[in-house]
Amino acid sequence: MDITNETQVTGFIFSGLTNNDSLILFLFILFLPLYIMTITANVGLLTIVQVTSSLQNPMYFFLSYLSLVDVFYSSSVIPKMLVDLISKKKAISFVGCAFQFFVYCLLVASESLLFSIMSYDRYVAVCHPLHYMTLMTKKKCRCLVSVVLSIGFIQSSVQTGCTFTLQFCGSNLINHFYCDVFPVLKLSCSDNSTCGLITFCIVCILGIGPLMVILPSYLLIIFSVSQIKSSSGKSKAFSTCSSHLMCVFIFYGSTLYTYLRSHSTIRSHSTIFTVQDKVASVFYTAVTPILNPLIYSLRNQDVKHTVITLVQKQLKKHRWCSTST
């Protein structure tokens with residue numbers, strides 16, 4: 001698309017995940033099953049929590065919302081990326097880019113805040129088990145989720161409004177595989193310093209802020225677990241904590257690396273997103289949504305027991321139907 005300096009851009013072109021044609025088929029074969037597994041695992045977990053009475057507690061309430069966020073979060077980026085991998089022209093309309101941007105910002109903020117709420121929930125469960133159900137009531141859990149979604153909606157509206165009211169009258173090539181804030185801001189031909197500063201502040205608040213809840217919570221959990229006399233119980237608790245922290249560090253590490261680094265170069269004329277930046281983006285857009293149900297849930301004995309029970313019931317039902325026919 002040839003856009004002159006006097007013409008407002010009506011659409012964008014993605015540079016894509018890679019420029020190496022020999023990698024395209026490999027990446028498509030890699031990410032298509034990964035996306036299918038992400039949707040299956042998260043929808044499956046969401047369904048199991050909803051239909052199983054023994055899983056109706058605050059931890060699984062938050063897990064079900066995390067799964068719901070992950071379904072839409074990955075779907076806001078990955079399907080378009082897969083289509084673009086096998087397309088000659090990786091195009092998106094101006095409105096389509098703004099919509100993808102809005103949904104993505106809403107969900108990534110919600111995911112970040114949910115991690116902090118879940119760490120607080122685990123802290124209360126481990127360190128104050130006798131008061132757990134009185135502190136984490138259904139009403140409080142619903143309010144916390146409502147606050148998370150409200151904050152996500154507000155910050156996403158602010159970022160989207162700020163970014164897409166700028167003038168885009170030069171190049172329309174987004175050096176990325178989806179509409180992310182700094183690659184889009186880089187294309188603006190008007191002053192983008194205010195939007196860049198707003199985005200930087202939002203990243204710090206929603207990125208570093210939750211970590212100030214997560215890290216102390218898990219430190220207190222680890223300290224409490226270290227007091228357990230049973231070696232098996234201590235080992236199980238440490239294993240669970242380390243798994244959760246691994247998922248948290250993958251998400252926050254890759255996110256903060258990308259956005260804080262990108263902000264430092266927003267005013268330069270160099271390319272913002274390098275191959276390393278795109279790889280980091282893949283971690284928090286494609287890898288984290290599949291890790292969450294695996295690490296937070298399928299390693300949980302209650303969930304595994306529920307899954308095994310459901311599978312056994314279906315097998316018995318299938319055998320009974322086969323026998324009766």
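Bear in mind that the values here come from a model prediction, so they are computed numbers and not experimental data. As a basis for the values below, the full set of heavy atoms in this structure was taken, side chains included, without hydrogen atoms, waters or symmetry mates. FYI, the numbering just counts along the sequence from 1.
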Consider only side-chain heavy atoms of I, L, V, M, F, W and Y, link residues closer than 4.5 Å, and tell whether [X] and [Y] are in one cluster.
| X | Y | result |
| --- | --- | --- |
| L30 | L34 | yes |
| M212 | Y252 | yes |
| V213 | Y218 | no |

For [Y], is there any backbone N or O sitting under 3.5 Å from a side-chain donor or acceptor partner on [X]?
| X | Y | result |
| --- | --- | --- |
| S188 | F168 | no |
| S64 | L46 | no |
| Q56 | V49 | yes |
| Q159 | T199 | no |
| S254 | S281 | no |
| S112 | V108 | no |
| Q100 | V77 | no |
| N57 | Y60 | yes |
| T163 | T160 | no |

Please report the C-alpha distance between S156 and Y104 in whole Å, then the side-chain angles of each, then the deciding distance to 0.1 Å, and finally whether the side-chain contact (heavy atoms from CB on, under 4.5 Å) criterion is met.
CA-CA 8 Å; S156 181; Y104 169 77; over 6 Å; no
Look up atom CG in N192 and atom CD1 in I198, then write down how far apart they are to the nearest 0.5 Å.
11.5 Å
Should the ring pair F251 and Y284 be called parallel, tilted or perpendicular, given that the plane angle runs from 0 to 90° and is split at 30 and 60?
perpendicular
Indicate yes or no: at least one non-hydrogen side-chain atom of [X] is less than 4.5 angstrom from one of [Y].
| X | Y | value |
| --- | --- | --- |
| L114 | V69 | yes |
| S15 | K90 | no |
| N292 | C247 | yes |
| N175 | K278 | yes |
| L23 | L17 | no |
| V71 | I39 | yes |
| F72 | L106 | no |
| L144 | M136 | yes |

Do you see a donor-acceptor pair shorter than 3.5 Å between the side chains of [X] and [Y]?
| X | Y | answer |
| --- | --- | --- |
| S75 | Y35 | yes |
| S224 | Y123 | no |
| D191 | S193 | yes |

Any chance you could lay out the side-chain contact (heavy atoms from CB on, under 4.5 Å) test for L85 and F177, step after step, and finish with the verdict?
CA-CA 9 Å; L85 277 172; F177 57 90; over 6 Å; no
Name the residue from F164, Y178, F182 that meets the ring pair (Phe, Tyr, Trp, His ring centres under 6.0 Å) definition with F101.
F164
Between F62 and F115 (judged by ring centroids, cut-off 6.0 Å), do the two rings come close enough to count as a pair?
no
Pair L113, L149 - check side-chain contact (heavy atoms from CB on, under 4.5 Å), show working.
CA-CA 9 Å; L113 293 170; L149 296 176; over 6 Å; no
